[in-house]
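Chain naming here is simple, since letters A, B, ... match the order of the sequence lines and numbering starts at 1 in each. All figures in this text were calculated on a predicted structure; none of them were measured in a lab.
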Amino acid sequence: MKKTIMTRFGEVEFDPENTVLFVDGLIGFENLRDFIVMPNRKNGPLFWIQSVEEPDLAFVLTDPTNFFLDYKVVPDARERAKLGIGTDDDCHALAVVTVPPDRKVTLNLMAPVLFAPATNRAIQVVLEKSQYKTRHPLPA
Amino acid sequence: MLVLTRKPGEGIVIGDDIKITFIETKGAGIRIGIEAPSGKKIYRQEIYDRICLENREASQWNLADLDMLTSAMGKKESL
């Protein structure tokens, strides 16, 4: 049964069976769990996720390996348990994109979103001891 | 805020599943040990605050910017 919500980008129709569950929300948005993955409007590396519960809230995401070839995040046992996956299941690390008013895009490589396609679950993790920053500019 | 004085080796218990032990002072820092259920997320405050702020800023964007960026990136990739 399809549902619709009114977002700041207009009306969005979605299948409630097919949303992504952020098990712990995103950091600072812990109470928002259900997100819709919006299809790319144009071909390109960016897409966005729209909160089901908060129509004003949406995040731009990208696969950081489009820009940083060796970026890799492997979930530990605790993270796999949250995602509901085993060691052999796929898990993609996605970066939250910040688009400041000057449009000099940065990627949050310190706090990637781990997404498990098998369960449609996601978590945001913090790589505290990495060299990655919350505002990595795109490579020139 | 509750303020307590503890000596090295002493601890505090929060609820029935979080235990914090004050291990030692080291220079200007204090080493503490935390025992908590594995599902509980523990962050250094300044890192947690920075990521909250970044997530908040990342939620402020508009569709025109996204379209413009997508077009710009698409062009770069096809070169």
Side-chain angles (χ1 to χ4, degrees), chain A residues 7-10 23-30 32 38 40-49 51 54 56-62 66-67 76-79 81-82 95-108 110-111 113 123-129 133-135 138 140, chain B residues 1-2 11 13-79:
Chain A
T7 73
R8 62 192 170 103
F9 311 114
V23 185
D24 298 317
L26 280 107
I27 294 165
F29 298 92
E30 281 83 359
L32 302 176
M38 301 297 293
N40 264 346
R41 286 154 60 92
K42 298 176 178 178
N43 280 335
L46 306 178
F47 61 97
W48 88 84
I49 57 170
S51 166
E54 177 53 65
D56 283 340
L57 195 80
F59 294 96
V60 180
L61 299 183
T62 192
N66 284 316
F67 310 99
D76 63 21
R78 192 176 63 88
E79 290 157 354
K82 287 200 173 184
V96 181
V97 179
T98 302
V99 186
D102 65 6
R103 291 177 177 167
K104 290 201 170 106
V105 170
T106 60
L107 305 188
N108 185 348
M110 190 197 255
V113 168
I123 51 174
Q124 187 174 31
V125 299
V126 180
L127 311 178
E128 276 201 36
K129 285 180 181 156
K133 297 178 288 204
T134 55
R135 291 185 186 175
L138 293 184
Chain B
M1 186 193 284
L2 173 68
V13 177
I14 301 173
D16 48 19
D17 55 5
I18 298 175
K19 212 166 122 184
I20 298 174
T21 307
F22 295 82
I23 298 169
E24 58 179 344
T25 54
K26 208 177 174 187
I30 302 164
R31 279 162 59 80
I32 61 171
I34 303 164
E35 285 170 66
S38 65
K40 280 262 191 277
K41 297 196 285 180
I42 298 167
Y43 304 106
R44 288 175 175 79
Q45 170 132 34
E46 68 279 13
I47 291 177
Y48 179 83
D49 289 346
R50 203 188 312 156
I51 290 164
C52 277
L53 175 74
E54 197 57 32
N55 276 346
R56 266 201 300 278
E57 291 197 4
S59 69
Q60 305 299 313
W61 54 278
N62 65 61
L63 214 44
D65 282 348
L66 188 67
D67 279 351
M68 200 282 301
L69 287 164
T70 302
S71 301
M73 287 173 177
K75 267 184 213 128
K76 217 184 261 176
E77 280 184 358
S78 64
L79 280 176

Which pairs of donor and acceptor atoms, one on a side chain in residues 46-54 of chain B, lie under 3.5 Å apart (sequence neighbours left out)?
{"unit_1": "B:Tyr48", "atom_1": "OH", "unit_2": "A:Glu30", "atom_2": "OE2", "d": "3.0"}
{"unit_1": "B:Glu54", "atom_1": "OE1", "unit_2": "A:Arg135", "atom_2": "NE", "d": "2.5"}
{"unit_1": "B:Glu54", "atom_1": "OE1", "unit_2": "A:Arg135", "atom_2": "NH2", "d": "3.1"}
{"unit_1": "B:Glu54", "atom_1": "OE2", "unit_2": "A:Thr98", "atom_2": "OG1", "d": "2.7"}
{"unit_1": "B:Glu54", "atom_1": "OE2", "unit_2": "A:Arg135", "atom_2": "NE", "d": "3.4"}

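- The shortest side-chain heavy-atom distance between B:Leu63 and A:Trp48 falls under the 4.5 Å cut-off.
- The CG atom of A:Leu46 sits 10.0 Å away from atom CG of B:Asp67, with the distance rounded to the nearest 0.5 Å.
- For chain B, the nearby parts of A:Val60 are the backbone and the side chain; heavy atoms of each come within less than 4.5 Å.
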Would you give me the side-chain donor-acceptor pairs under 3.5 Å for residues 16-24 of chain B, sequence neighbours excluded?
{"unit_1": "B:Glu24", "atom_1": "OE2", "unit_2": "B:Arg31", "atom_2": "NE", "d": "2.9"}

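- When heavy atoms are compared at a cutoff of 4.5 Å, A:Thr106 approaches chain B solely by way of its side chain, counted from C-beta outward.
- Contact between A:Pro45 and A:Phe67 at its shortest, heavy atoms only, is CG-CZ, 3.9 Å.
- At a 4.5 Å heavy-atom cutoff, the contact between A:Leu57 and chain B is made by side-chain atoms alone.
- Within the 4.5 angstrom heavy-atom criterion, only side-chain atoms of A:Arg78, from C-beta onward, approach chain B.
- Contact of A:Val99 with chain B is made through backbone and side chain together, with heavy-atom distances under 4.5 Å.
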